[in-house]
Participant: 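Below you'll find the structure I mean.
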Amino acid sequence: MRAVSLPPASTVTLDDRFARELPEMAVRWQATEVPEPGLLVLNEPLARQLGLDPASLRSSEGLRLLVGNLVPSGAAPVAQAYSGHQFGGFVPRLGDGRALLLGEVVDADGRLLDLHLKGSGRTPFARGGDGLAAVGPMLREYVVSEAMHALGIPTTRSLAVVATGRTVRRETPLPGAVLARVAASHLRVGSFQYARATGDVDLLRRLADHAIARHHPGAAQAQHSYLGLLEAVVAVQASLVARWMLVGFVHGVMNTDNMTISGETIDYGPCAFMEAFDPATVYSSIDQLGRYAYGNQPLVAEWNLARLAEAMLPLLHDDEEQAVPLAVEALGAFRRHYDAAWTSGMRIKLGLPAGPDDSATTSLVDDLLALLQKNSVDHTSFFRHLGAAARGDGEPARSLFLDLAAFDAWARRWRALAPDADVMDRTNPVYLPRNHLVEEALTAGSEGDLNPLERLLDAVTRPFDERPGLERYAEPAPQDFGAYRTFCGT
Ligand code: AMP
Ligand code: MG
């Protein structure tokens with residue numbers, strides 16, 4: 001454990017557990033020097049949760065910590081090695097090309113969390129990349145991850161975005177930034193693929209033991225702890241992706257290197273929230289075949305977990321012929337977990353009590369989704385307005401449909417089940433980081449005006465709490481916003 005003092009008297013203690021336990025997957029590395037760091041946004045509640053004094057973090061020493069230039073003597077920032085299937089093709093050596101794990105911190109609740117930087121300069125994994133990040137995409141990660149957290153969806157958190165004062169060359173010159181990110185860990189499906197690809201079963205076992213200790217301690221009690229680990233990851237990922245689907249979140253780049261072992265959402269690149277309901281919704285400019293479209297996400301998660309199972313085969317049984325059926329059975333649980341999480345989540349969104357007869361809810365949901373798609377209804381507004389409908393004011397929800405008769409017929413069936421509006425309002429957000437609002441905040445933020453970002457953060461970090469004056473944050477994009485596209489690798 002190493003400590004660094006920050007003025008006036010705040011201390012951060014960083015552990016180097018990952019680097020110690022898995023040295024084959026950690027390359028000691030330093031962040032690029034940032035001559036003039038400028039704080040753009042700081043997450044004060046999260047800082048306090050980590051035992052960091054926000055005022056100290058705002059000081060020049062604090063900013064140097066947040067860009068990786070102030071490292072406690074003897075601390076061991078590392079670039080992590082991992083592999084990954086990117087759009088279906090296996091890349092054996094990816095790793096942190098522009099990121100560093102500074103170390104692990106213990107938060108106020110005793111949890112061990114990674115403190116990690118993104119945009120901190122080239123590493124040995126940078127390949128052709130410049131190791132840098134631009135202000136816009138780092139602010140996007142900040143606002144979307146904090147919105148996800150406020151929605152109750154497991155996610156990495158954002159501690160700060162610090163401008164570097166350096167220009168980053170993309171299609172146009174852009175201002176550079178470093179994001180300080182906090183996560184349960186950065187272990188990914190791709191971490192297991194990397195360990196497996198080395199052929200070193202002892203490394204694979206140590207990685208699995210590290211994952212069990214940090215994220216799935218229950219697996220240690222299972223009859224077969226590695227099978228228990230696989231089952232636990234299948235369960236948390238099924239639940240996570242169901243949560244995404246229930247709020248219309250499109251991750252955009254569900255490569256196996258962007259899927260965690262902890263069950264947290266990670267890597268907010270070309271992500272976006274769906275507006276008009278349509279399973280084919282894609283935002284990423286590089287996802288031309290729609291592999292990571294909204295409606296494909298559960299299938300892709302299952303596919304990624306199959307890659308995890310493959311990587312873990314030597315841990316499941318010495319004899320591969322006996323390992324395979326164990327893996328297949330563990331993967332088979334994905335659909336059951338996913339369906340259960342989705343169905344109960346949808347029931348709550350519709351304000352319906354848990355009942356022995358789920359088939360009525362299922363057909364109600366299926367018919368609703370078909371109607372939403374056919375009428376191009378805004379997903380978020382619809383569910384929120386439906387809460388008002390449960391209180392007797394059906395017009396806001398109804399007005400979203402072209403086919404009024406079809407909606408009325410559906411609503412009669414739904415109302416007959418006595419929906420509970422309060423339950424609905426606690427689960428259906430008013431405010432999400434809608435794409436046009438995110439773009440507006442990022443554009444202004446890149447030009448030095450952080451007011452739109454702060455207003456957006458205020459709305460989306462209390463997503464269920466409808467407030468006067470924030471009406472425009474609840475509305476879909478204006479027509480002229482057009483077909484939204486996000487760009488990856490920025
Ligand atoms: P992502 O698609 O953002 O998950 O990144 C995939 C891989 O590309 C990871 O290994 C990243 O570290 C790497 N990468 C992305 N952008 C850059 C960059 N600008 N410089 C170096 N490596 C990068
Ligand atoms: Mg990534």
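Just follow the structure's listing: the first ligand is 1, and inside any ligand the first atom is 1.
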Participant: Against heavy atoms of Asp267, which atoms of ligand 1 measure under 4.0 Å?
Facilitator: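 In order of numbering, the contacting atoms are 4 (O).
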Participant: Check all N, O or S atoms of Asp267 and name the one closest to the Mg ion (ligand 2).
Facilitator: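 Restricting Asp267 to its N, O and S atoms, the minimum distance to the Mg ion (ligand 2) goes to OD2.
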Participant: State the atoms of ligand 1, each with its element, that fall below the 4.0 Å cut-off from a heavy-atom position in Asn258.
Facilitator: 4 (O)
Participant: Check for a donor-acceptor pair, side chain of Lys349 on one end and backbone N or O of Leu246 on the other, with a separation under 3.5 Å.
Facilitator: yes
Participant: Take Glu21 and His210 through the test side-chain hydrogen bond (donor to acceptor under 3.5 Å, both in side chains) and record every step on the way to the result.
Facilitator: CA-CA 8 Å; Glu21 294 186 2; His210 180 96; 2.7 Å; yes
Participant: Check each of Arg98, Gln80, Arg170 against atom 23 (C) of ligand 1 and report the one with the nearest heavy atom.
Facilitator: Arg98
Participant: Can you name the atoms of ligand 1, numbered from 1 with element, that are less than 4.0 Å from a heavy atom of Asp257?
Facilitator: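 Every atom of ligand 1 under 4.0 Å from some heavy atom of Asp257: 4 (O), 6 (C).
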Participant: Does a donor on one side chain sit under 3.5 Å from an acceptor on the other, for Ser56 and Asp53?
Facilitator: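 On atom types as modelled, these side chains qualify, holding a pair under 3.5 Å.
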Participant: Which of the atoms of ligand 1 are close to Asp96, meaning less than 4.0 Å from one of its heavy atoms?
Facilitator: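 Those qualifying, in numeric order: 12 (O).
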Participant: With heavy atoms of Arg127 as the reference, note each atom of ligand 1 found under 4.0 Å away.
Facilitator: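 Every atom of ligand 1 under 4.0 Å from some heavy atom of Arg127: 7 (C), 8 (O), 10 (O), 13 (C).
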Participant: Looking only at heavy atoms, what is the nearest atom pair of Ala195 and Met25, with distance?
Facilitator: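 Of all heavy-atom pairs spanning Ala195 and Met25, the closest is CB-SD, 4.4 Å.
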Participant: If we count only N and O atoms by modelled type, under 3.5 Å, do the side chains of Asn435 and Glu275 hold a donor and an acceptor together?
Facilitator: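 Glu275 and Asn435 do not have a side-chain donor-acceptor pair below 3.5 Å.
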Participant: Are Leu22 and Leu207 packed together at the side-chain level, in the sense that at least one heavy-atom pair is separated by less than 4.5 angstrom?
Facilitator: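 Touching, per the 4.5 Å side-chain cut-off.
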Participant: Please work out whether the ring planes of Phe277 and Tyr294 are parallel, tilted or perpendicular, with thresholds of 30° and 60°.
Facilitator: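 Answer is perpendicular, since the angle exceeds 60°.
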Participant: Which option, Gly119, Ala126, Gly131, Gly97, owns the non-hydrogen atom nearest atom 18 (C) of ligand 1?
Facilitator: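 Going through Gly119, Ala126, Gly131, Gly97 one by one, Gly131 has the nearest heavy atom to atom 18 (C) of ligand 1.
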Participant: Mind checking whether Glu302 and Leu331 have side chains closer than 4.5 Å, heavy atoms only?
Facilitator: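 No. Closest side-chain heavy atoms not under 4.5 Å.
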Participant: Which bit of Phe125 gets closer than 4.0 Å to ligand 1, counting heavy atoms only: side chain, backbone, both or neither?
Facilitator: neither
Participant: Could you tell me, atom by atom, which parts of ligand 1 come under 4.0 Å of a heavy atom of Gln86?
Facilitator: 6 (C)
Participant: With a cut-off of 2.8 Å, does Asn258 put an N/O/S atom close enough to the Mg ion (ligand 2)?
Facilitator: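 Coordinating: yes.
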Participant: Between Arg122 and ligand 1, which residue portion shows a heavy-atom distance shorter than 4.0 Å: side chain, backbone, both, or neither?
Facilitator: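 The answer is neither; Arg122 stays 4.0 Å or more away.
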Participant: Could you tell me, atom by atom, which parts of ligand 1 come under 4.0 Å of a heavy atom of Gly95?
Facilitator: 9 (C), 10 (O), 11 (C), 12 (O)
Participant: Heavy-atom distances under 4.0 Å are what count here, so tell me which part of Leu132 touches ligand 1: side chain, backbone, both or neither.
Facilitator: backbone
Participant: Decide yes or no for Gln193 and His85: does some side-chain heavy atom of the first lie under 4.5 Å from some side-chain heavy atom of the second?
Facilitator: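 Answer yes - side chains close enough.
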